[in-house]
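The structure under discussion appears below in the form of structure tokens.
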Amino acid sequence: MPTPEAGRDPGGRAVRFPVVDPATGEAFDEAPDQQPGELDDVLARAERAWHGWRADPAARTAALRASADAVETAGDDLARLLTREQGKPLAESYAEVARTAARLRYFADLAPRTRRIDDGRPVHSEVRWRPLGPVAAIVPWNFPLQLAAAKFAPALAAGNTMVLKPSPFTPLATRMLGSVLATVLPEDVLTVVTGREPLGARLASHPGIRHVTFTGSVPTGRAVAGAAAASLARVTLELGGNDAAVLLDDVDVDRIADRLFWAAFRNCGQVCMAVKRVYVPTGLHAEVVEALAERAKSVTVGPGLDPGTRLGPLNNLPQLSRVERVTEHALADGARVATGGHRLDGPGYFFAPTILTDVPPGSPVVTEEQFGPVLPVLPYRSLDEAVDAANGTGFGLGGSVWGTDLDRAEAVADRLECGTAWINHHAELSLGQPFAGVKDSGVGVAGGPWGLYGNLRPFVVHRPQEA
């Protein structure tokens with residue numbers, strides 16, 4: 001699969017942009033800065049490739065299985081490059097590569113089912129499924145490979161072709177992934193384009209695109225939806241979360257503290273469905289704060305390529321600045337730092353793992369998505385108060401309830417306004433389940449068969465029954 005190169009400056013040189021290593025804050029490579037006008041040719045080739053790709057389901061299955069094998073073979077190179085540009089510990093990059101291959105393998109063996117409609121009439125009616133055509137994916141920087149595969153695996157399995165645009169903060173591992181898949185996929189079935197804005201805006205609004213799938217912020221998601229509306233393209237939007245964890249009064253703090261900590265701090269808190277607020281009964285509040293602060297103080301923070309690192313840097317300077325800003329705002333509002341609360345000395349985008357207490361409920365670190373290693377722990381007096389607070393933001397991606405009585409915990413989880421609720425764990429998804437948010441957390445469904453059907457349209461055939 002060729003990855004088109006960038007446009008040229010007035011001197012005829014290819015336009016490129018720097019890619020920064022977040023562990024150092026310094027650029028270590030460059031990526032092509034492709035221009036919006038180049039998308040016309042990219043989409044024309046994706047349209048031509050679609051006609052052959054859609055016609056042979058068996059060949060698609062074989063190609064996607066081979067794609068999974070190719071990703072695993074290239075796993076070492078992909079993981080190291082991913083850590084270099086994203087910042088996460090190398091073990092987490094290996095896990096992301098493995099998840100990428102697993103998604104390809106899962107969707108390779110998933111096929112839409114034809115359904116017969118029997119309504120008593122002397123007509124044989126059958127619902128079949130057809131692919132949409134060329135589709136687009138715009139992927140953020142926190143899980144660039146895994147989220148790319150979550151979009152292109154079902155799209156390709158359904159018989160579509162795809163143009164994939166990674167974040168300009170993390171373009172390199174995605175370009176490498178595209179090159180790896182080029183060895184097993186037909187030409188132009190999957191095309192990776194890289195560049196700064198307005199490339200993404202033009203891709204979302206391009207008349208050759210039939211479906212736009214996007215993961216990112218709420219404001220950008222609204223812009224993507226507006227751009228796609230111009231050509232009446234379908235949209236699937238996953239727009240982040242502000243997940244609440246509600247601890248019940250029978251919770252065993254020592255037993256759940258590690259799980260709760262990593263549900264909030266994995267990937268330096270840069271996970272859409274991470275725990276971002278913790279609600280604790282007043283009588284357990286001090287114990288929970290102490291347990292989480294102890295873990296935050298002891299975790300090894302450093303460059304992702306260092307073998308002992310458990311928590312890497314934030315991915316980029318704007319995100320580091322945002323985490324600093326919401327933390328300072330909380331402290332100005334009267335919050336107290338149990339541990340952390342500051343940027344770490346030295347190069348790179350490192351912020352100390354932070355536990356906040358005494359946070360006013362209206363502070364931005366509670367009401368917004370901080371997307372970093374900062375966790376407010378808030379006390380509650382009654383369970384109704386906790387549930388109301390958990391549901392009291394514009395987000396609704398996930399949530400969790402933690403306690404010993406599982407039936408009671410499940411009853412509380414059922415009251416959460418979110419797409420997925422967990423009990424005594426958080427942010428764990430199987431490949432076969434739907435993933436969707438409510439309220440500002442998104443539109444449409446990804447994952448499992450729902451993700452496959454989201455890339456298809458129904459086609460109904462009626463014929464008279466034989467005499």
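All heavy atoms count here, side chains included; hydrogens, waters and symmetry mates do not.
With values rounded to the nearest 0.5 angstrom, Ser67 atom OG is found 5.5 Å from Leu104 atom CG. One finds the CG atom of Asn316 at 6.0 Å from the CD atom of Gln319 (value rounded to the nearest 0.5 Å). Here OG of Ser231 is found 9.5 Å from NE2 of His206. Values are rounded to the nearest 0.5 Å.
Applying the salt bridge (charged side-chain N to carboxylate O under 4.0 Å, His left out) test to Arg322 and every residue at least two apart in sequence or in another chain returns Glu368. Residues forming a salt bridge (charged side-chain N to carboxylate O under 4.0 Å, His left out) with Arg234 (at least two apart in sequence, or on another chain): none. Every residue meeting the ring pair (Phe, Tyr, Trp, His ring centres under 6.0 Å) condition with Tyr453, not counting sequence neighbours, appears here in chain and number order: Trp129. A search for salt bridge (charged side-chain N to carboxylate O under 4.0 Å, His left out) contacts involving Glu324 returns nothing, not counting sequence neighbours. Not a single ring pair (Phe, Tyr, Trp, His ring centres under 6.0 Å) links His211 to another residue, sequence neighbours left out.
Gln270 places a side-chain N or O within 3.5 Å of a backbone atom of Asn315 that can act as its donor or acceptor partner. Side-chain N or O atoms of Asp333 include none that pairs as donor or acceptor with a backbone N or O of Pro360 at under 3.5 Å. The backbone N or O of Ala201 sits less than 3.5 Å from a side-chain atom of Glu197, completing a donor-acceptor pair. Between the side chain of Thr194 and the main chain of Pro32, a donor-acceptor pair closer than 3.5 Å is present. Judged by distance alone, the side chain of Thr220 and the main-chain N or O of Gly216 form no donor-acceptor pair under 3.5 Å. A donor-acceptor pair under 3.5 Å is formed between the side chain of Glu85 and the backbone N or O of Ala173.
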For this session: Show the numbers, then the answer: is there a salt bridge (Lys or Arg N to Asp or Glu O under 4.0 Å) between Asp388 and Arg415?
Result: CA-CA 9 Å; Asp388 287 345; Arg415 297 171 62 187; 5.3 Å; no
Exercise. Between Arg103 and Leu431, does a side chain to side chain contact (heavy atoms under 4.5 Å, CB included) hold up when you go through it step by step?
Worked result: CA-CA 7 Å; Arg103 286 189 187 278; Leu431 294 174; 3.6 Å; yes
For this session: Take Trp141 and Tyr349, measure what ring pair (Phe, Tyr, Trp, His ring centres under 6.0 Å) needs, and give me the verdict at the end.
Result: CA-CA 15 Å; Trp141 43 259; Tyr349 305 141; over 10 Å; no
Problem set entry | Pair Asn142-Asn267, side chain to side chain contact (heavy atoms under 4.5 Å, CB included): steps then yes or no | CA-CA 8 Å; Asn142 57 333; Asn267 197 25; 3.9 Å; yes
For this session: Run the numbers on Thr393 and Lys439 for side chain to side chain donor-acceptor pair (under 3.5 Å), then give the verdict.
Result: CA-CA 9 Å; Thr393 75; Lys439 299 190 284 189; 5.2 Å; no
Problem set entry | Working for salt bridge (Lys or Arg N to Asp or Glu O under 4.0 Å), residues Arg16 and Asp33 | CA-CA 5 Å; Arg16 302 177 73 82; Asp33 196 9; over 6 Å; no
Exercise. Can you list the steps and then say if Glu72 with Arg105 is a salt bridge (Lys or Arg N to Asp or Glu O under 4.0 Å)?
Worked result: CA-CA 11 Å; Glu72 289 173 339; Arg105 211 163 267 128; 3.0 Å; yes
For this session: Show your working on salt bridge (Lys or Arg N to Asp or Glu O under 4.0 Å) between Lys276 and Glu369 and close with a plain yes or no.
Result: CA-CA 7 Å; Lys276 298 186 176 76; Glu369 183 180 29; 3.3 Å; yes
Exercise. Val387 and Val412: side chain to side chain contact (heavy atoms under 4.5 Å, CB included), yes or no, with the steps?
Worked result: CA-CA 8 Å; Val387 171; Val412 175; 4.0 Å; yes
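Inspection of the Arg277 and Asn242 side chains reveals an N or O donor paired with an N or O acceptor under 3.5 Å. With hydrogens and angles left out, the side-chain atoms of Trp422 and Thr420 include no donor and acceptor closer than 3.5 Å. A side-chain N or O of Thr83 and one of Ser93 form a donor-acceptor pair less than 3.5 Å apart.
Salt bridge Arg175/Asp29: absent, no basic N to carboxylate O contact under 4.0 Å. A salt bridge is defined here as a Lys NZ or Arg NE, NH1 or NH2 lying under 4.0 Å from an Asp or Glu carboxylate O, and Arg60 with Asp56 fails to meet this definition. We find that Arg222 and Asp440 are joined by a salt bridge, their nearest charged nitrogen and carboxylate oxygen being less than 4.0 Å apart. A salt bridge does not link Glu126 to Arg115: none of the charged nitrogens lies less than 4.0 Å from a carboxylate oxygen. Using a 4.0 Å cut-off between a side-chain N of Lys or Arg and a carboxylate O of Asp or Glu, Arg48 and Glu187 do not qualify as a salt bridge.
The minimum heavy-atom distance between Ala390 and Ala244, with the atom names listed, is CB-CB, 3.7 Å. Of all non-hydrogen atoms in Val235 and Ala228, the two that sit nearest each other are CG1-CB, 3.4 Å. In terms of heavy atoms, Ala158 sits closest to Leu456 at O-CD2, 3.5 Å. Closest of all the heavy-atom pairs between Ala274 and Gly269 is CB-O, 4.4 Å.
Within 6.0 Å of CD on Glu385 lie more than 12 heavy atoms contributed by other residues, nucleotides or ligands. Under a cut-off of 6.0 angstrom, the local environment of NE2 in His329 is sparse, with at most 12 non-hydrogen atoms contributed by other residues, nucleotides or ligands.
Pairs engaging residues 158-171 under the side chain to side chain donor-acceptor pair (under 3.5 Å) rule: none recorded [sequence neighbours left out].
The side-chain heavy atoms of Arg202 and Asp40, taken from C-beta on, include a pair separated by under 4.5 Å. Using a 4.5 Å heavy-atom cutoff, the side chains of Val139 and Leu164 are in contact. Side-chain contact between Phe350 and Arg343: absent, with no pair of heavy atoms (C-beta onward) separated by less than 4.5 Å. Between Val445 and Thr236, the closest side-chain pair of non-hydrogen atoms is not below 4.5 Å. Counting heavy atoms from C-beta on, the side chains of Pro353 and Leu311 come closer than 4.5 Å. Between Tyr106 and Ser430 there is no side-chain heavy-atom pair separated by less than 4.5 Å. Contact of the Leu132 side chain with the Arg457 side chain is registered, since non-hydrogen atoms from C-beta on lie closer than 4.5 Å.
Under the 6.0 Å distance and 45° angle rule, Arg54 counts as a cation-pi partner of Trp50.
Phe107 and Trp450 have their aromatic ring centers separated by at least 6.0 angstrom.
Taking the six-membered ring where tryptophan is involved, the planes of Phe265 and Phe261 are essentially parallel, since the angle between them stays under 30° and well short of 60°.
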